[in-house]
Amino acid sequence: MNIDLSGTNVIVKIVEKTEKPDIVKKDEYCNIISNKKAQITKITARTGTPLVKVGDVVTENTILIGGWMEGKYTGVRYVHATRRNRSKNLVY
(Lines give C-alpha, C1' and ligand atoms only; values in the text may rest on other atoms or scores of the structure.)
Protein backbone atom coordinates (compact mmCIF):
# COMPACT_ATOMS: atom_id res chain seq x y z
CA MET A 1 0.00 0.00 0.00
CA ASN A 2 1.27 3.43 -0.89
CA ILE A 3 -0.22 6.74 0.34
CA ASP A 4 0.68 10.03 -1.36
CA LEU A 5 -0.40 13.33 0.17
CA SER A 6 -0.51 16.21 -2.30
CA GLY A 7 -2.07 19.38 -0.86
CA THR A 8 -5.62 18.45 0.16
CA ASN A 9 -5.65 15.30 -1.99
CA VAL A 10 -4.73 11.84 -0.78
CA ILE A 11 -3.91 9.14 -3.32
CA VAL A 12 -3.97 5.56 -2.03
CA LYS A 13 -2.42 2.84 -4.21
CA ILE A 14 -2.99 -0.79 -3.31
CA VAL A 15 -0.90 -3.36 -5.16
CA GLU A 16 -0.59 -7.11 -4.78
CA LYS A 17 2.60 -8.20 -3.06
CA THR A 18 4.96 -10.29 -5.18
CA GLU A 19 6.49 -13.36 -3.61
CA LYS A 20 10.24 -13.33 -3.06
CA PRO A 21 12.14 -16.30 -4.51
CA ASP A 22 13.69 -18.83 -2.16
CA ILE A 23 17.31 -17.91 -1.53
CA VAL A 24 19.82 -20.64 -0.73
CA LYS A 25 22.18 -19.80 2.12
CA LYS A 26 25.84 -19.43 1.17
CA ASP A 27 26.89 -22.32 3.42
CA GLU A 28 24.45 -24.81 1.82
CA TYR A 29 25.25 -27.17 -1.05
CA CYS A 30 23.66 -26.18 -4.36
CA ASN A 31 24.03 -26.45 -8.16
CA ILE A 32 23.69 -23.71 -10.77
CA ILE A 33 21.14 -24.51 -13.46
CA SER A 34 20.11 -22.77 -16.68
CA ASN A 35 16.79 -20.94 -16.79
CA LYS A 36 16.43 -20.93 -20.59
CA LYS A 37 17.83 -22.41 -23.79
CA ALA A 38 21.22 -20.90 -24.62
CA GLN A 39 24.69 -21.52 -26.03
CA ILE A 40 27.56 -21.23 -23.56
CA THR A 41 30.13 -18.63 -24.66
CA LYS A 42 32.19 -18.53 -21.44
CA ILE A 43 32.04 -20.40 -18.14
CA THR A 44 34.23 -19.94 -15.06
CA ALA A 45 33.44 -21.77 -11.83
CA ARG A 46 34.58 -19.92 -8.74
CA THR A 47 33.48 -22.85 -6.58
CA GLY A 48 32.02 -26.08 -7.88
CA THR A 49 32.64 -28.27 -10.92
CA PRO A 50 31.75 -27.07 -14.44
CA LEU A 51 29.60 -29.66 -16.22
CA VAL A 52 29.32 -27.89 -19.59
CA LYS A 53 31.91 -26.56 -22.02
CA VAL A 54 32.12 -23.46 -24.20
CA GLY A 55 30.01 -24.04 -27.30
CA ASP A 56 27.55 -26.40 -25.62
CA VAL A 57 23.86 -25.74 -26.21
CA VAL A 58 21.88 -26.14 -23.00
CA THR A 59 18.15 -26.33 -22.39
CA GLU A 60 16.12 -25.08 -19.45
CA ASN A 61 17.03 -26.75 -16.10
CA THR A 62 20.40 -28.12 -17.31
CA ILE A 63 23.01 -28.24 -14.52
CA LEU A 64 25.81 -25.85 -15.52
CA ILE A 65 28.01 -26.07 -12.41
CA GLY A 66 27.75 -28.89 -9.88
CA GLY A 67 27.96 -28.05 -6.20
CA TRP A 68 30.92 -30.25 -5.40
CA MET A 69 34.70 -30.10 -5.71
CA GLU A 70 37.17 -32.97 -5.89
CA GLY A 71 40.61 -32.64 -4.41
CA LYS A 72 43.56 -34.99 -4.65
CA TYR A 73 43.92 -35.20 -0.86
CA THR A 74 40.50 -34.04 0.38
CA GLY A 75 38.27 -36.19 -1.83
CA VAL A 76 34.80 -34.91 -2.70
CA ARG A 77 33.38 -32.01 -0.74
CA TYR A 78 30.04 -30.33 -1.29
CA VAL A 79 29.98 -26.54 -1.81
CA HIS A 80 27.67 -23.68 -2.71
CA ALA A 81 28.39 -23.37 -6.45
CA THR A 82 29.30 -19.86 -7.62
CA ARG A 83 30.16 -18.80 -11.14
CA ARG A 84 30.92 -16.24 -13.75
CA ASN A 85 29.58 -17.32 -17.11
CA ARG A 86 28.21 -15.92 -20.34
CA SER A 87 25.74 -17.39 -22.75
CA LYS A 88 23.95 -16.44 -25.91
CA ASN A 89 20.15 -16.83 -26.01
CA LEU A 90 18.91 -19.09 -28.76
CA VAL A 91 15.61 -18.32 -30.43
CA TYR A 92 14.02 -20.90 -32.68
Side-chain angles (χ1 to χ4, degrees):
M1 184 162 83
N2 186 14
I3 300 174
D4 290 328
L5 181 60
S6 178
T8 58
N9 296 324
V10 174
I11 300 170
V12 178
K13 294 180 186 176
I14 299 175
V15 294
E16 189 173 328
K17 183 178 177 182
T18 56
E19 254 185 69
K20 293 182 181 179
D22 293 334
I23 297 175
V24 179
K25 295 179 184 175
K26 291 221 181 234
D27 59 346
E28 290 184 19
Y29 156 81
C30 73
N31 297 321
I32 295 177
I33 61 170
S34 62
N35 62 353
K36 56 187 156 192
K37 188 171 186 173
Q39 181 176 16
I40 303 299
T41 57
K42 181 180 180 180
I43 187 160
T44 305
R46 290 183 178 170
T47 57
T49 304
L51 301 176
V52 294
K53 299 179 296 247
V54 171
D56 286 355
V57 175
V58 297
T59 58
E60 187 175 0
N61 295 325
T62 301
I63 299 176
L64 304 175
I65 299 176
W68 68 86
M69 295 175 73
E70 290 186 54
K72 184 175 180 180
Y73 301 107
T74 59
V76 176
R77 63 187 174 115
Y78 295 97
V79 296
H80 184 97
T82 57
R83 54 79 178 119
R84 177 174 289 178
N85 65 302
R86 290 189 184 149
S87 60
K88 199 173 13 173
N89 294 338
L90 296 179
V91 179
Y92 290 100

(message) For S34, is there any backbone N or O sitting under 3.5 Å from a side-chain donor or acceptor partner on T62?
(response) no

(message) Could you check whether any side-chain N or O of H80 sits under 3.5 Å from a backbone N or O of E28, counting only pairs where one atom can act as donor and the other as acceptor?
(response) yes

Taking all heavy atoms of [X] and all of [Y], pick out the closest pair and write down the distance.
{"X": "K42", "Y": "V54", "result": "CA-CG2, 4.1 Å"}
{"X": "G48", "Y": "P50", "result": "O-CD, 3.9 Å"}
{"X": "V52", "Y": "V58", "result": "CG1-CG1, 3.9 Å"}
{"X": "V76", "Y": "W68", "result": "CG1-CB, 4.2 Å"}

(message) Please identify which of these residues, T47, T49, N31, I43, meets the side chain to side chain contact (heavy atoms under 4.5 Å, CB included) condition with I65.
(response) I43

(request) List the steps and the verdict of side-chain contact (heavy atoms from CB on, under 4.5 Å) for I40 and K53. (result) CA-CA 7 Å; I40 303 299; K53 299 179 296 247; over 6 Å; no

Side-chain heavy atoms nearer than 4.5 Å, only ILVMFWY residues, links allowed to pass through others: does that put [X] and [Y] together?
{"X": "I32", "Y": "Y78", "answer": "no"}
{"X": "V12", "Y": "L5", "answer": "yes"}
{"X": "I14", "Y": "V10", "answer": "yes"}

(message) Is it the case that over 12 heavy atoms from other parts of the model lie below 6.0 angstrom from the OH atom of Y29?
(response) yes

